[in-house]
Amino acid sequence: GCKPRFTDKQRRRLARAANGIPRRVLLRLGTIVTADTLLRWYRRLVAAKYDGSADRRGRGRPPIAGELQALIISIALTCTSWGYTRIRGVLQSLGITVSRSTIARVLREAGIDPAPERRKGMSWKTFIESHFGCIAAIDIFTVEVLTFAGLVRYHVLFVIDIATRRVEIAGITNNACGRWAEQIARNLTDEFDGFLRNTRYLIMDRDPIFTDHFRQILKWRGVEAVRLPARSPNLNSFAERFVLSIKSECLSKIIPLGEHHLRWAIREYVEHYHSERPHQGIDNVLIDQPSGAANDDAEIVCTERLGGVLKHFRRSAA
């Protein structure tokens, strides 16, 4: 006949009934399953009793909630001089009980140093925000220009004010060198009309064009050069964002035909950037706000630059 099929419940009942009966006795009994099968079922029954995998427990203490971890990290980054005990006390005052060792573990896993190390400096974000109005960034990007001699690489050096996002194209050349940049440093820090005359800090990367003498000229004029670690473009994000904008919105859509054409295109874009392009970083407004009250009833017109590469919508003059 057909071999009987047992459910798990039936196997457990048979295994319990066979428990205590010696194997040699089981072998003499005429059962519907072998003695080895009954013993195997019983071993599974014992193993299941002590199996803790169903509890989904890992080694050590269970992890704390993600929201609490984020709160601990936020407190540590905001108050850099607070140690583990101080943070624990603050959490306790909020009705949250966390051990000191748990706080230490959370911060250690997040790569945050203990308070004695943290208080030695301030975060980059805090540094930027605390110096709004007196901090700028400088950077350089390249453009391939089509000339009678073929493609020639031009370098464009610019400075951006962090607070206002205003940009100054400081120089354009196909022969960038330290002496060229040093003269630009003198122009930018001119006491009468230099773009950096009211600036205290200037963020820059480690491009060789920013020589020791370049930084010394800035220092003589009261501007401290803040050099970034190597390969850290995210720390110069304001300048990098401008490079992305001018390339994606303008330079990638035209073929610069000579230096004059390149200068004209960049000049047109900077005008558009200041007076026609809203900036999300400053509440989506224009850098150069139009004077006078807007006429909401005037006709909406579209103006163009660079043959339609750059477009802007405005109200027509009354």
Checklist entry - More than 12 heavy atoms of other residues, nucleotides or ligands under 6.0 Å from CG of Leu151: is that the case? => result yes
Checklist entry - Ile96, Val106: one ILVMFWY side-chain cluster at the under-4.5 Å cut-off? => result yes
Next on the checklist: So Phe195 and Asp190, do their side chains get closer than 4.5 Å, heavy atoms only?
Outcome noted: no
Checklist entry - After noting the C-alpha distance and the side-chain angles of Thr164 and Ile282, does the key distance pass the side chain to side chain contact (heavy atoms under 4.5 Å, CB included) rule? => result CA-CA 8 Å; Thr164 64; Ile282 52 174; over 6 Å; no
Next on the checklist: Do Leu244 and Leu251 land in one hydrophobic cluster if side-chain heavy atoms of ILVMFWY residues count as linked below 4.5 Å?
Outcome noted: no
Checklist entry - Are Glu276 and Arg305 close enough, and set up right, to give a salt bridge (charged side-chain N to carboxylate O under 4.0 Å, His left out), and what steps lead you there? => result CA-CA 11 Å; Glu276 300 170 351; Arg305 293 180 184 269; 3.1 Å; yes
Item to check | Greater than 12 external heavy atoms within 6.0 Å of Arg206's CZ | outcome: yes
Checklist outcome for this item: Smallest heavy-atom separation, Ala265 atom then Leu306 atom, equals CA-CD2, 3.8 Å
Checklist entry - Taking side chain as C-beta onward, heavy atoms only, is Ile300 less than 4.5 Å from Arg314? => result no
Next on the checklist: Starting from Phe158, can I reach Met204 by hopping between I/L/V/M/F/W/Y residues whose side chains sit under 4.5 Å apart?
Outcome noted: no
Checklist entry - Just wondering, do Ile135 and Val226 contact through their side chains at under 4.5 Å, heavy atoms? => result no
Checklist entry - Does atom CZ of Arg179 have more than 12 heavy-atom neighbours, drawn from other residues, nucleotides or ligands, at distances under 6.0 Å? => result no
Checklist entry - Side-chain contact, heavy-atom cut-off 4.5 Å: Val223 with Tyr201? => result no
Next on the checklist: Determine whether Leu107 and Ile72 satisfy the following criterion, side chain to side chain contact (heavy atoms under 4.5 Å, CB included), listing intermediate values before the conclusion.
Outcome noted: CA-CA 8 Å; Leu107 297 182; Ile72 293 172; 3.8 Å; yes
Checklist entry - When you look at Arg197 and Glu191, which way does the salt bridge (charged side-chain N to carboxylate O under 4.0 Å, His left out) test go after all the steps? => result CA-CA 6 Å; Arg197 63 186 183 278; Glu191 60 180 329; over 6 Å; no
Checklist entry - Got Leu146 and Pro256 here, is their nearest side-chain heavy-atom distance under 4.5 Å? => result no
Next on the checklist: Under 3.5 Å, is there a donor on one side chain and an acceptor on the other for Asp212 and Gln216?
Outcome noted: no
Checklist entry - Taking side chain as C-beta onward, heavy atoms only, is Ser316 less than 4.5 Å from Val301? => result yes
Item to check | Approximate separation, where rounding is to 0.5 Å, of Asp161 CG and Cys134 SG | outcome: 9.5 Å
Checklist entry - Should Val152 and Tyr154 count as side-chain neighbours, where that means a heavy-atom distance under 4.5 Å? => result yes
Next on the checklist: For the OG1 atom of Thr189 and the CG atom of Asn198, what is their distance to the nearest 0.5 Å?
Outcome noted: 12.0 Å
Next on the checklist: Is there a side-chain hydrogen bond (donor to acceptor under 3.5 Å, both in side chains) between Arg241 and Ser245? Walk through the geometry before answering.
Outcome noted: CA-CA 6 Å; Arg241 185 64 182 85; Ser245 298; 2.6 Å; yes
Next on the checklist: For Arg200, I'd like to know if atom CZ has over 12 heavy atoms of other residues, nucleotides or ligands within 6.0 Å.
Outcome noted: no
Next on the checklist: Can you give me the closest heavy-atom contact between Gly171 and Ile184, atom names plus distance?
Outcome noted: CA-CD1, 4.0 Å
Checklist entry - Regarding Arg215 and Thr211, is there a side-chain donor-to-acceptor distance under 3.5 Å anywhere? => result no
Checklist entry - More than 12 heavy atoms of other residues, nucleotides or ligands under 6.0 Å from NZ of Lys219: is that the case? => result no
Checklist entry - Which pair of non-hydrogen atoms, one from Arg166 and one from Ile287, has the smallest distance, and what is that distance? => result NH2-CG2, 3.7 Å
Next on the checklist: Quick check: do Phe210 and Leu157 have side-chain heavy atoms less than 4.5 Å from each other?
Outcome noted: yes
Checklist entry - Minimum heavy-atom separation for Leu218 to Ala185, with atom names? => result CD2-CB, 4.2 Å
Checklist outcome for this item: Closest non-hydrogen contact found for Gln280 with Asn284 is CG-OD1, 3.7 Å
Next on the checklist: Let me confirm one number: the CD1-CZ distance from Ile103 to Arg108, rounded to the nearest 0.5 Å.
Outcome noted: 12.5 Å
Checklist entry - Any chain of hydrophobic side-chain contacts (each under 4.5 Å) joining Val243 to Val145? => result yes
Next on the checklist: Using the rule given for side chain to side chain contact (heavy atoms under 4.5 Å, CB included), can you reason through Ile246 versus Val156, listing the C-alpha separation, both sets of side-chain angles and the distance that settles it, and then say yes or no?
Outcome noted: CA-CA 11 Å; Ile246 191 172; Val156 181; over 6 Å; no
Next on the checklist: Checking His274 against Arg165 for the side chain to side chain contact (heavy atoms under 4.5 Å, CB included) test, could you report, in this order, the C-alpha distance in whole Å, the side-chain angles of both residues, the deciding distance, and whether it holds?
Outcome noted: CA-CA 9 Å; His274 286 151; Arg165 305 297 199 274; over 6 Å; no
Next on the checklist: Membership question, hydrophobic clusters at under 4.5 Å side-chain separation (ILVMFWY): are Ile140 and Leu188 in the same one?
Outcome noted: yes
Checklist entry - Can you check whether Val90's main-chain N or O pairs, donor with acceptor, with Ser93's side chain at less than 3.5 Å? => result yes
Checklist entry - Salt-bridged, Arg263 to Glu259, with N to O below 4.0 Å? => result yes
Next on the checklist: Looking at every heavy atom in both His213 and Arg186, which two are closest together, and how far apart are they?
Outcome noted: NE2-NH2, 3.8 Å
Next on the checklist: In this structure, is the centre-to-centre distance between the rings of His279 and Tyr273 below 6.0 Å?
Outcome noted: yes
